[in-house]
Asker: 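Below is one structure. I have some questions about it.
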Amino acid sequence: MDEIQQVYSKLESLFSKFNFPARRIYNVDETEVSTVHTTSRIIASKGTKQVGTIISWERGKNITVCCAVSAAGHYIPPMFIFPRQRMSPQLQCDGPTGALYKCSKNGWMTSELFTV
């Protein structure tokens, strides 16, 4: 508990010293998104014996998504990190405007992904 109090104490002193505006204070988080969609219902014509599905070619892999929002409500476009060696243009189709698309061996965030 002592370490947590030290962090907040240092954070408070930095805020007091530099007086950061809300637009300069960001919360960054990352989450994983599955490439396999699961459905509770399947809609098909009555009497259909077989219903086809479309699944990801990277079945069972997760994509890491990194998002950042400021205390004033401004956001930085997300970064999608795919578990691959090379980027494919198809992975960037229909994504959010300004989003970044990167690859890492295991799909995790690394410091190398954030350098230009």
Side-chain angles (χ1 to χ4, degrees):
M1 192 67 165
D2 195 36
E3 292 87 7
I4 295 172
Q5 289 175 342
Q6 287 178 8
V7 168
Y8 281 108
S9 176
K10 289 179 182 181
L11 185 61
E12 185 178 11
S13 69
L14 285 172
F15 281 153
S16 297
K17 182 178 179 179
F18 295 105
N19 197 24
F20 296 115
R23 64 182 170 77
R24 299 293 303 256
I25 302 168
Y26 278 83
N27 182 33
V28 178
D29 199 4
E30 53 97 15
T31 188
E32 290 185 343
V33 178
S34 175
T35 60
V36 179
H37 300 284
T38 57
T39 59
S40 57
R41 293 186 192 179
I42 297 174
I43 300 173
S45 300
K46 188 173 182 176
T48 303
K49 301 279 186 212
Q50 290 182 323
V51 179
T53 61
I54 298 173
I55 60 170
S56 170
W57 46 271
E58 291 183 337
R59 183 169 175 78
K61 304 251 179 165
N62 288 329
I63 298 167
T64 300
V65 182
C66 179
C67 302
V69 179
S70 76
H74 300 121
Y75 69 93
I76 296 172
M79 176 189 281
F80 295 89
I81 305 166
F82 295 92
R84 333 171 24 105
Q85 295 296 318
R86 291 184 294 276
M87 179 54 71
S88 170
Q90 290 88 0
L91 298 174
Q92 301 178 28
C93 291
D94 300 322
T97 303
L100 296 174
Y101 301 90
K102 303 284 185 167
C103 295
S104 73
K105 184 176 181 177
N106 54 15
W108 298 349
M109 292 193 311
T110 63
S111 58
E112 292 81 23
L113 295 175
F114 291 91
T115 57
V116 181

Asker: By the ring pair (Phe, Tyr, Trp, His ring centres under 6.0 Å) test, which pairs, at least two apart or in different chains, include something from residues 61-80?
Answerer: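 Non-adjacent pairs meeting ring pair (Phe, Tyr, Trp, His ring centres under 6.0 Å): Phe80-Tyr101.
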Asker: Determine, step by step, whether Val65 and Cys67 satisfy the side chain to side chain contact (heavy atoms under 4.5 Å, CB included) criterion, reporting the C-alpha distance in whole Å, the side-chain angles of both residues, the deciding distance to 0.1 Å, and the verdict.
Answerer: CA-CA 7 Å; Val65 182; Cys67 302; 3.8 Å; yes
Asker: Using atom types as modelled, flag every donor-acceptor pair under 3.5 Å from a side chain in residues 14-27 to any protein atom, sequence neighbours excluded.
Answerer:
residue, atom, partner, partner atom, Å
Ser16, OG, Glu12, O, 3.0

Asker: Is any side-chain heavy atom of Leu91 less than 4.5 Å from a side-chain heavy atom of Arg84?
Answerer: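 A side-chain contact under 4.5 Å exists here.
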Asker: So how far is it from Leu100 CG to Leu113 CG, rounded to the nearest 0.5 Å?
Answerer: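 Nearest 0.5 Å value for the CG-CG distance: 10.0 Å.
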Asker: I'd like to know if Val28 and Val33 are part of one continuous hydrophobic network [Ile/Leu/Val/Met/Phe/Trp/Tyr, side-chain heavy atoms within less than 4.5 Å].
Answerer: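 No, no single cluster joins them.
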Asker: I'd like to check Asn62 versus Pro83 (side-chain heavy atoms, cut-off strictly below 4.5 Å). Are they in contact?
Answerer: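 Heavy-atom side-chain distance check fails, nothing below 4.5 Å.
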Asker: Please lay out, stage by stage, how Met79 and Met109 fare under the test side chain to side chain contact (heavy atoms under 4.5 Å, CB included).
Answerer: CA-CA 10 Å; Met79 176 189 281; Met109 292 193 311; 5.8 Å; no
Asker: Could you report the tightest heavy-atom contact between Gly98 and Pro77, atom names first, then the distance?
Answerer: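 Heavy atoms of Gly98 and Pro77 come nearest at O-CB, 3.2 Å.
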